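To keep things clear, I will list the structure first and then write my remarks on it.
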Amino acid sequence: MAPAPLSDQLDIIIPTIRALDFLEQWRPFFQPYHLIIVQDGDPTKTISVPEGFDYELYNRNDIERILGDKAWCISFKDSACRCFGYMVSKKKYVYTIDDDCFVAKNPSGEDINALEQHIKNLLTPSTPDFFNTLYDPYAPGADFVRGYPFSMREGKPTAVSHGLWLNIPDYDAPTQMVKPTERNERYVDAVMTIPKGTLFPMCGMNLAFDRDAIGPAMYFGLMGEGQPWGRYDDMWAGWCVKKITDHLDLGVKTGLPYIWHSKASNPFVNLKKEYKGIFWQEEIIPFFQKLTLSPDNKDVFSCYLELAEKVRSGLGHLDPYFTKLADGMVAWIECWKKLNP
Ligand SMILES: O=c1ccn([C@@H]2O[C@H](COP(=O)(O)OP(=O)(O)O[C@H]3O[C@@H](CO)[C@H](O)[C@H]3O)[C@@H](O)[C@H]2O)c(=O)[nH]1
Ligand SMILES: [Mn+2]
C-alpha cells in the first residue's frame, strides 16, 4: 500500500481530558501518522491510546518538567494546552483535531479523509491578493475565472488550512443558548482563501498548518485555570496568525474538509468562559485591524515578538491580563527556540 501523503512530515496533535476511542473511526486515515497527545487536567489519570498508533503522550507533569519555569505559558484545564504539541513536534506540518470529532460523510455518503484534504490545501497555493469567484482555482474541475490577472495566478504559499464541522457547529455560548438544537447539515463543497487584510475566527477543532512557516505564531494564549477567559485560545492564535501570514505573503484557506463534531459543550459553562471575550473582542479586533508589522521583520519569530510588544502597549489598558499575555507570548517563543534550536 502506498504510504499516506506526508506521513513522515506531519504530526497529529490531540488535546484531551477524555478518552481517545474516537481514534478507532479515524484509524484508516490516521494510523500512518505520528500522534502527539496532550493530556490536560489531572496528570495522575491514565489516558489509554488504542492499539496500533505511534504516539507521544504529554501530561501536565511533562510540560512542567520540559518547560521548567516557563511552563506557566501553557494553559491548564483548557484545550489551549494543545499548542504544547506544536512546540514539541519535529515535523513540518501539524494537524490538530478534538477528541469529539469523527469522520464525516460527503453528500455521496463516502467517508471524508479530512487529513488528505488538509494536505491538498496546504500543498497548493492560496490566492490572498485577488478573490477567485469560483473558489479554489487549484481544485480539480476549477480554474481562475475570466479577469483574474495572469501575473497573480501563481498564488502564494499556504500556511493554514481551516476545516469546518458538520452536526454541532462551533457557535459561541449566546448563540448556542438561543439555538440549542441547531445542527449544521450544510455541506458546502468549497475551499476559499481568506483575503489579505481580513481577520477570521479560527477554530482549533479541525485545523492544519505549515509548522515551519507559521508554527511559532500558533500560541493559543493563557486560558483555563486562573485565567479570566477561555474559548478564545484558537481565536487569539487566529488573529495573530492572520496578521503575520498577511505580512509574510502567506495564505490561509477555509472550507473543506468537514469533520463530524459530535458533542455540544455546555453553553452555560461556555458563557462563563467566554463572556469577557465577547466584549473585549470589540476592542481587540480593531486593535489587530489597525496594527501593522515592521517591514524589517521578515520571519515569524520577529513578527510574533513585535506583536507581543504591541499587545502589551495596545491592550494593557483593557485589562492587566494582556500584559501577562504579552509575557506569555514572549515565553512561548523562548520555549519554542529552546525546543527547536
Ligand atoms: O479543559 C479542557 C477541555 C477540553 N479539552 C479538550 O479540548 C477539545 C475541545 O473540547 P470540547 O470538545 O469539550 O469543547 P468544544 O467547545 O467543542 O471545543 C471548541 O471550542 C474551543 C475551545 O477553546 C475548541 O478549540 C473548539 O474545538 C477536546 O479534545 C477536549 O478533550 C482539554 O484538553 N481541556
Ligand atoms: Mn467539541
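Positions are given from 1 along the sequence. Every number for a ligand or one of its atoms is a count from 1 in the order of the listing. Small disclaimer: the values here were computed from a predicted structure and weren't measured.
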Taking 2.8 Å as the upper limit, name the protein N, O or S atoms near the Mn ion (ligand 2). D100 OD2, H261 NE2
Which protein N or O atoms sit under 3.5 Å from any N or O of ligand 1? Give each pair with its distance.
residue  : atom   : partner : partner atom : Å
ligand 1 : 1 (O)  : D40     : OD2          : 3.4
ligand 1 : 1 (O)  : K77     : O            : 3.2
ligand 1 : 1 (O)  : D78     : N            : 3.2
ligand 1 : 12 (O) : R18     : NH2          : 3.0
ligand 1 : 12 (O) : D100    : OD1          : 3.4
ligand 1 : 12 (O) : D100    : OD2          : 2.9
ligand 1 : 13 (O) : R18     : NH1          : 3.1
ligand 1 : 13 (O) : R18     : NH2          : 3.4
ligand 1 : 16 (O) : R231    : NH1          : 2.5
ligand 1 : 16 (O) : S265    : OG           : 2.7
ligand 1 : 17 (O) : H261    : NE2          : 3.2
ligand 1 : 20 (O) : R231    : NH1          : 3.2
ligand 1 : 23 (O) : S79     : OG           : 3.1
ligand 1 : 23 (O) : D233    : OD1          : 2.5
ligand 1 : 23 (O) : D233    : OD2          : 3.2
ligand 1 : 25 (O) : R82     : NH2          : 3.3
ligand 1 : 25 (O) : D234    : OD2          : 3.0
ligand 1 : 27 (O) : D98     : OD2          : 2.2
ligand 1 : 29 (O) : P15     : O            : 2.7
ligand 1 : 29 (O) : D99     : N            : 3.0
ligand 1 : 29 (O) : D99     : OD1          : 3.2
ligand 1 : 31 (O) : I17     : N            : 3.2
ligand 1 : 31 (O) : D99     : OD1          : 3.3
ligand 1 : 31 (O) : D99     : OD2          : 2.7
ligand 1 : 34 (N) : D40     : OD2          : 2.7

State whether R82 and D98 are salt-bridged, where the test is any N-O pair (Lys NZ or Arg NE/NH1/NH2 against Asp/Glu carboxylate O) under 4.0 Å. yes
Is the shortest distance from a Lys or Arg side-chain nitrogen in D249 or K196 to a carboxylate oxygen in the other one below 4.0 Å? yes
Check whether N184 reaches the backbone of W165 with its side chain - one donor and one acceptor, N or O, closer than 3.5 Å. yes
Search all heavy atoms of P5 against all heavy atoms of I119 and return the closest pair with its distance. O-CD1, 3.4 Å
Who are the salt bridge (charged side-chain N to carboxylate O under 4.0 Å, His left out) partners of D172, not counting sequence neighbours? none
Does any pair with a residue in residues 324-336 pass side-chain hydrogen bond (donor to acceptor under 3.5 Å, both in side chains), and if so which ones, sequence neighbours excluded? Q227-K324, R312-D327
For D40 and T16, what are the C-alpha separation, side-chain angles and deciding distance, and is it a side-chain hydrogen bond (donor to acceptor under 3.5 Å, both in side chains)? CA-CA 6 Å; D40 195 15; T16 189; over 6 Å; no
Out of T127, D129, N132, which residue meets the side chain to side chain contact (heavy atoms under 4.5 Å, CB included) rule with T193? T127
Has R60 got a side-chain atom pairing as donor or acceptor with G41's backbone, closer than 3.5 angstrom? no
